[in-house]
Each structure stands twice: as C-alpha cells, then as structure tokens.
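Structure first, commentary second.
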Amino acid sequence: ELPETVLLKFFRPENAPVPARPTPEQLSNLIKTSLHYPESFNHSFHQKSLCLVPVTLLLSNCSQAVVDVMIDLRHKPASSEALEIHGSFTWLGQTQYKLQLKGEEVYSLQLKACFVHTGVYNLGTPRVFAKLVDQVTLFETSQQNSMPALIIINNI
C-alpha cells in the first residue's frame, strides 16, 4: 500500500516585506539625475570677465535601498568636436562629492558653472556613480547619463 501524498501549499503573508535589492540590470539606473539652470544667461563680460551661473544637480534614488553616490565634475568631453560646438567651461569649487541616499530620497546639490566667453555650452558633464551600501565591490556602477543640458551665455 502506497503512502498518501500531501500537497504542499506555499504562501506569503501580505505584510511580508518585498526585497528592496535591485537586479544587476537596475544597478546602472539606481540614481536619476537632472540639472536645473536658466536656458540662457545674460552677463556683461566688459564689466566682469568671469560669468558665474548657479546650477542645481538633482539626484533621485530610484530604489528602496540605501545607495552610496559619487559625483565627479572633472569630466571633460572626449572629442575636440564637442568643445568646438559647445565651448569649454569650468565647475567652480569642489570637484568630487560622496554622499549616501536613503531609499527613494531626493538630494539637491548646488553647483556653480564658470564661463569666460559667450556661446552655447553643454552642462551635462557631471559623471555620477552609485552602488548599494551593502554591496561588496571596489567600483561603483556608472549611472545612465541624461540628454545634453544646453545653456546660452549672452553678452550684454
């Protein structure tokens, strides 16, 4: 005589926490960035040779996990063509930032861009790297870069 088979029933309580850990594909999309700045900026280069424009870098943690973030402002466009089209500018002050964002936290970083000529410039040069706090890795994952962030500097 065969022993009676019993069906196993698996269930998850409704209040069980869903794992907050992103998948490897999501690691390059942990942090969403956006730059906030005026579309055009008027400056009298005759009165003052340096034009300083306030720029806000908004960082949004898209995951529910705590994330270590590193921002590098030293990145320059690789091709000389990009420099000819958009011109070159400098970020003033601190060039690297390290911070930690809680799950779904939004952080606002105040920056200053410095221009010496009129022209059209691409402010989308900051590189953002991120990793999960509990992730044992030497390197952060580079985050998806947004579209070019163009600003027009006018002489008045």
Next on the checklist: Quick one, F129 with V69, criterion side-chain contact (heavy atoms from CB on, under 4.5 Å). Give me CA distance, side-chain angles, the key distance, then yes/no.
Outcome noted: CA-CA 6 Å; F129 302 90; V69 182; over 6 Å; no
Checklist entry - Applying the 4.5 Å side-chain criterion to the ILVMFWY set and letting contacts propagate, would L99 and L132 be lumped into a single cluster? => result yes
Item to check | From L52 atom CG to T90 atom OG1, the distance as rounded to the nearest 0.5 Å | outcome: 10.5 Å
Item to check | Gap separating the CG atom of N122 from the OG atom of S88, nearest 0.5 angstrom | outcome: 11.5 Å
Item to check | N61 side chain to E104 side chain, donor-acceptor N/O pair below 3.5 angstrom | outcome: no
Checklist entry - Step by step, would you call H43 with N154 a side-chain contact (heavy atoms from CB on, under 4.5 Å)? => result CA-CA 6 Å; H43 178 78; N154 299 306; over 6 Å; no
Checklist entry - Which atom names give the shortest non-hydrogen contact between L58 and H36, and what distance separates them? => result CD2-NE2, 3.7 Å
Checklist entry - In Å and rounded to the nearest 0.5 Å, what is the CD1 to OG1 distance from I71 to T95? => result 11.5 Å
Checklist outcome for this item: d(T118 OG1, F41 CZ) to nearest 0.5 Å is 14.0 Å
Next on the checklist: Show the nearest heavy-atom pair for residues A149 and G124, with the distance to one decimal.
Outcome noted: CB-N, 3.8 Å
Next on the checklist: Using 0.5 Å steps for rounding, measure from the NZ atom of K131 to the CE atom of M70.
Outcome noted: 12.0 Å
Item to check | Candidates V128, L59, L111 - the one meeting side-chain contact (heavy atoms from CB on, under 4.5 Å) with Y97 | outcome: L111
Next on the checklist: For a quick test of reading the model, state the closest non-hydrogen atom pair linking T56 to Q110 and the distance between them.
Outcome noted: OG1-OE1, 3.0 Å
Item to check | From CG (L50) to NZ (K112), nearest 0.5 Å | outcome: 12.5 Å
Item to check | Trace of the side-chain contact (heavy atoms from CB on, under 4.5 Å) decision for I151 with V53 | outcome: CA-CA 10 Å; I151 185 172; V53 178; 3.9 Å; yes
Item to check | Sub-4.5 Å side-chain heavy-atom contact between I153 and Y121 | outcome: yes
Item to check | Which atom of A130 lies closest to which atom of V67, heavy atoms considered | outcome: CB-CG1, 3.6 Å
Checklist outcome for this item: Heavy atoms of L73 and W91 approach each other most closely as O-CD1, 3.4 Å
Checklist entry - Which heavy atom of V106 sits nearest a heavy atom of S60, and at what distance? => result CG2-OG, 3.8 Å
Item to check | Flag, side chain of Y37 to backbone of L123, donor-acceptor distance under 3.5 Å | outcome: no
Checklist entry - Are the ring centres of F115 and H117 closer than 6.0 Å? => result no
Checklist entry - Does CD in Q96 sit with more than 12 non-hydrogen atoms of other residues, nucleotides or ligands closer than 6.0 Å? => result yes
Checklist entry - So, does S63 use its side chain to make a donor-acceptor pair with the main chain of A65 at under 3.5 Å? => result yes
Item to check | Verdict with supporting geometry, F45 and C51, side-chain contact (heavy atoms from CB on, under 4.5 Å) | outcome: CA-CA 7 Å; F45 285 96; C51 171; 3.8 Å; yes
Next on the checklist: Around atom CD of Q47, are there more than 12 heavy atoms from other residues, nucleotides or ligands closer than 6.0 Å?
Outcome noted: no
